[in-house]
Amino acid sequence: MRGRILGSILAGVAAIAFPPFLLAQNAPRPGAARPTPDLSGTWDRPRAPGDVALGAADAQATERRQGAIPRQVFTREEPPMQPWAAEKFRAARKGKADDYEDGRDELDPSYNCFPPGTPRVFTIPRPFEIRQFSDVVLLLFEPHSAVRRIHTDGRGHPDGYPITWMGHSIGKWDGDTLVADTTGINDKTWLDALGHPHSDALRVVERFRRPRHDTLEIDFLFDDPKAYTRPWTGEKIYQLMPPGFEVMEDFDAHAQGFGK
């Protein structure tokens, strides 16, 4: 890995109290609006104490020791696929002995220089940065230097919006949680690194929250009736990187017409 500057989704979930670092110095008066929680920071997968940069194999070993969901997937439970989706998934897994080994390179859209898109970008072992503003939350990913915008100004999904790799995201605050709703995602991507497919009907709902200063939790709801027989859920947990840790520029030379 390159050297760096040092540095659920279920209705009825009980409300989570604001952590002290998210609150103003004085508690709000009854009826007063609560301050908006701050998700800003650079985030990466949980690391062992003292680790600054881990290779993929070391990071995966750390995840297993910590009992975390492997980085390649959102859940250990196999989602209930429609027949065509199950057939595509079996093709992506052919010859794979390890349940969490990445799908076959020749079938992997990312290996063929397509952007990973959302939500798969969250399964790539690279950091991302959150920058938060009053009307939009920006997610700046290292892979492909991708940018995602979650609009929080009250707009809806526009009619006729073009299909894109990251989709169109709108968000609102539910207590200390940012709820993001994303549609219009390009069906050329995989949902994860294992090879789970999806259709153009995919809708992803994410719940971002910061239960502690150094921890970001994201719960996912995947709703794609064309590819799956029912909605299913997943989760990811990230660790705040130290001050000075930066998301680096990244692009695929093959995608630009260079290389082999």
Side-chain angles (χ1 to χ4, degrees), residues 1-7 16-28 34-71 74 115-116 118-152 166 169 171 173-180 206-220 235-252:
M1 182 175 286
R2 304 189 301 273
R4 302 182 182 281
I5 297 176
L6 284 180
I16 302 174
F18 279 99
F21 74 95
L22 294 180
L23 295 176
Q25 291 182 348
N26 298 317
R34 284 184 167 182
T36 301
D38 185 10
L39 304 177
S40 300
T42 301
W43 303 93
D44 204 354
R45 293 180 303 157
R47 300 165 182 257
D51 285 333
V52 175
L54 290 178
D58 291 336
Q60 185 167 315
T62 297
E63 286 175 340
R64 288 178 174 173
R65 287 197 303 271
Q66 295 174 343
I69 292 175
R71 64 95 180 162
F74 294 95
T118 192
R120 185 181 174 181
V121 69
F122 287 110
T123 70
I124 297 175
R126 307 274 284 280
F128 64 95
E129 181 181 357
I130 295 179
R131 293 190 180 186
Q132 187 171 320
F133 302 91
S134 61
D135 58 346
V136 67
V137 175
L138 297 180
L139 279 68
L140 311 177
F141 295 95
E142 190 165 276
H144 289 257
S145 296
V147 178
R148 182 174 162 205
R149 298 167 179 83
I150 302 175
H151 300 283
T152 57
M166 286 295 183
S169 298
W173 292 97
D174 179 12
D176 63 354
T177 301
L178 174 64
V179 182
E206 301 145 298
R207 297 179 66 89
F208 297 79
R209 59 180 175 273
R210 192 173 184 172
R212 294 174 295 280
H213 174 70
D214 62 350
T215 303
L216 178 71
E217 297 179 352
I218 311 176
D219 290 335
F220 297 83
E235 63 180 271
K236 286 293 180 187
I237 298 176
Y238 297 96
Q239 176 181 327
L240 182 66
M241 293 293 97
F245 188 98
E246 293 186 352
V247 171
M248 306 298 288
E249 183 181 59
D250 174 79
F251 72 97
D252 192 318

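- Distance CD/Glu217 to OG1/Thr177: 9.0 Å, rounded to 0.5 Å.
- Partner of Arg207 under the salt bridge (charged side-chain N to carboxylate O under 4.0 Å, His left out) criterion, out of Asp176, Asp174, Asp219: Asp174 alone.
- Among residues two or more places apart in sequence or in another chain, the ring pair (Phe, Tyr, Trp, His ring centres under 6.0 Å) test is passed with Phe122 by Phe128, Phe141, Phe220.
- Interatomic distance, CD1 of Ile130 versus CG of Leu139, reported as 5.0 Å (0.5 Å rounding).
- With sequence neighbours excluded, no residue forms a salt bridge (charged side-chain N to carboxylate O under 4.0 Å, His left out) with Arg149.
- Among residues two or more places apart in sequence or in another chain, the side chain to side chain contact (heavy atoms under 4.5 Å, CB included) test is passed with Gln132 by Thr36, Asp38, Leu39, Ser40, Val137, Trp173.
- Side-chain contact between Glu142 and Ile124 is absent, with no heavy-atom pair separated by less than 4.5 Å.
- Here the closest heavy-atom approach between residue Gln239 and residue Pro46 is recorded as OE1-CA, 3.4 Å.
- Interatomic distance, Leu140 CG to Arg148 CZ, rounded to the nearest 0.5 Å: 12.0 Å.
- The CZ atom of Arg209 sits 9.5 Å away from atom CG of Leu216, with the distance rounded to the nearest 0.5 Å.
- Expressed to the nearest 0.5 Å, how far CE of Met241 lies from CD of Glu246 amounts to 14.0 Å.
- Of all the heavy atoms in Pro143 and Pro127, the pair that sits closest is CD-O, 4.4 Å.
- Closest non-hydrogen pair, Leu240 versus Gly41, comes out as CD1-CA, 4.0 Å.
- The distance from the NE2 atom of His144 to the CD atom of Glu249 is 13.0 Å, given to the nearest 0.5 Å.
- Using a 4.5 Å cut-off on side-chain heavy atoms (C-beta onward), Ile69 and Phe74 make no contact.
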